Amino acid sequence: MIRRPVEAVVFDMDGLLIDTERVLFETMVEVGPDFDAVIDRPLFQSLIGLPIGPSSAILIETLGPDFRLDDFLAAVRIKARAINAAGVCLKAGVVDLLDLLDALGLPRAVCTSSARENAEHHLGQHGLVERFTTIVARGDYIEGKPHPEPFLTAAARLGVEPAACLAL
């Protein structure tokens, strides 16, 4: 096996660095009954990391054509924003890992499906924005995750070949 040295690290944000996925899941579960919808963990997990179009299609397919998708998403967005505005939890070990990458001199990027404003807000609450070389957020690419374009954009901004990046 040929081993390549890691020259940069590309991080996902939601659920890996910041505990926003838990907040979103709990919010969807809480709001669901107002829309005659049961949001269970398997359904929620099928939505993680997808752009709004594909995730909306999954919700309609699962919950039925009469599901009030736009109203549901608006209610979830309002409630989740209020919770996240009060502060989102940093996942365990993040600061230690960033300290190690600093010691190793490895550049790093955040690659997220979230809007830049949200990414900067969530990371900024923990003083982490400046710990990343770049942030690649929704709007910085055309094809969202799981398509490789966001990760390739991050590697290009880091000036590192994609094969030399560790994606987390």
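Note that this is a predicted model, so its numbers are computed, not measured.
The backbone N or O of L128 sits nowhere less than 3.5 Å from a side-chain atom of H126 that would complete a donor-acceptor pair. Checked by atom type and distance alone, the side chain of T62 never pairs as donor or acceptor with a backbone atom of L59 at under 3.5 Å. Side-chain atoms of Q125 come within 3.5 Å of backbone N or O of V88 as a donor-acceptor pair. Of the possible donor and acceptor atoms, none in the side chain of E7 sits under 3.5 Å from a partner among the backbone N and O of A164.
Between D19 and K91, some side-chain heavy-atom pair lies under the 4.5 Å cut-off. Using a 4.5 Å heavy-atom cutoff, the side chains of L168 and D12 are not in contact. With contacts defined as side-chain heavy-atom distances shorter than 4.5 Å, the pair F25/D40 does not qualify. Annotation: side chain of V9 is in contact with side chain of L101 (closest heavy-atom distance under 4.5 Å). Between F151 and V136, every side-chain heavy-atom pair lies at or beyond the 4.5 Å cut-off. Between R131 and D99, the closest side-chain pair of non-hydrogen atoms falls below 4.5 Å. N118 has its side chain out of reach of M13: every pair of non-hydrogen atoms, C-beta onward, lies at least 4.5 Å apart. The closest side-chain heavy-atom distance from I52 to L73 is below 4.5 Å.
Residues L166 and V10 are members of separate hydrophobic clusters, defined by side-chain heavy-atom contacts under 4.5 angstrom among Ile, Leu, Val, Met, Phe, Trp and Tyr. The hydrophobic clustering, which links ILVMFWY residues whose side-chain heavy atoms are closer than 4.5 Å, places I58 and F35 together. Hydrophobic clustering of Ile, Leu, Val, Met, Phe, Trp and Tyr side chains at less than 4.5 Å, counting indirect connections, unites I60 with L43. Neither V23 nor M28 shares a network with the other; the hydrophobic side chains, linked directly or stepwise wherever heavy atoms of I, L, V, M, F, W or Y lie under 4.5 Å apart, form separate groups for each. Criterion: ILVMFWY side-chain heavy atoms under 4.5 Å apart, direct or through other members. Under it, L98 and L106 are part of a common hydrophobic cluster.
Minimum heavy-atom separation, A154 to A109: CB-CB, 4.0 Å. The two residues I135 and R116 come nearest to each other via the heavy atoms O-NH2, 2.8 Å. Between L69 and S56, the shortest heavy-atom distance links the atoms CD2-CB, 3.4 Å.
Annotation: side chain to side chain donor-acceptor pair (under 3.5 Å) contacts of S114 (sequence neighbours excluded): D14, T112. Not counting sequence neighbours, D34 has no partner by the salt bridge (Lys or Arg N to Asp or Glu O under 4.0 Å) test. In this structure E30 satisfies the salt bridge (Lys or Arg N to Asp or Glu O under 4.0 Å) test together with K79, sequence neighbours excluded.
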Exercise for the section: Give the intermediate values and the outcome of side-chain contact (heavy atoms from CB on, under 4.5 Å) for residues H122 and T20. Expected result: CA-CA 9 Å; H122 297 331; T20 50; 3.7 Å; yes
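Here L63 contributes atom CG and R68 contributes atom CZ; the two are 12.0 Å apart, rounded to the nearest 0.5 Å. For the atom pair C165 SG and L152 CG, the distance stands at 9.0 Å (nearest 0.5 Å). Atoms NZ and OG, on K145 and S113 in that order, are 4.5 Å from each other to the nearest 0.5 Å. Remark: R138 CZ to D140 CG distance equals 10.5 Å, nearest 0.5 Å. The CZ atom of F132 sits 12.5 Å away from the CD atom of E120 when rounded to the nearest 0.5 Å. Atom-to-atom distance recorded for T27:OG1 and I39:CD1 is 11.5 Å, nearest 0.5 angstrom.
Taking the ring centre of F11 as origin, the terminal cationic atom of R108 falls outside the region bounded by 6.0 Å and 45° from the ring axis.
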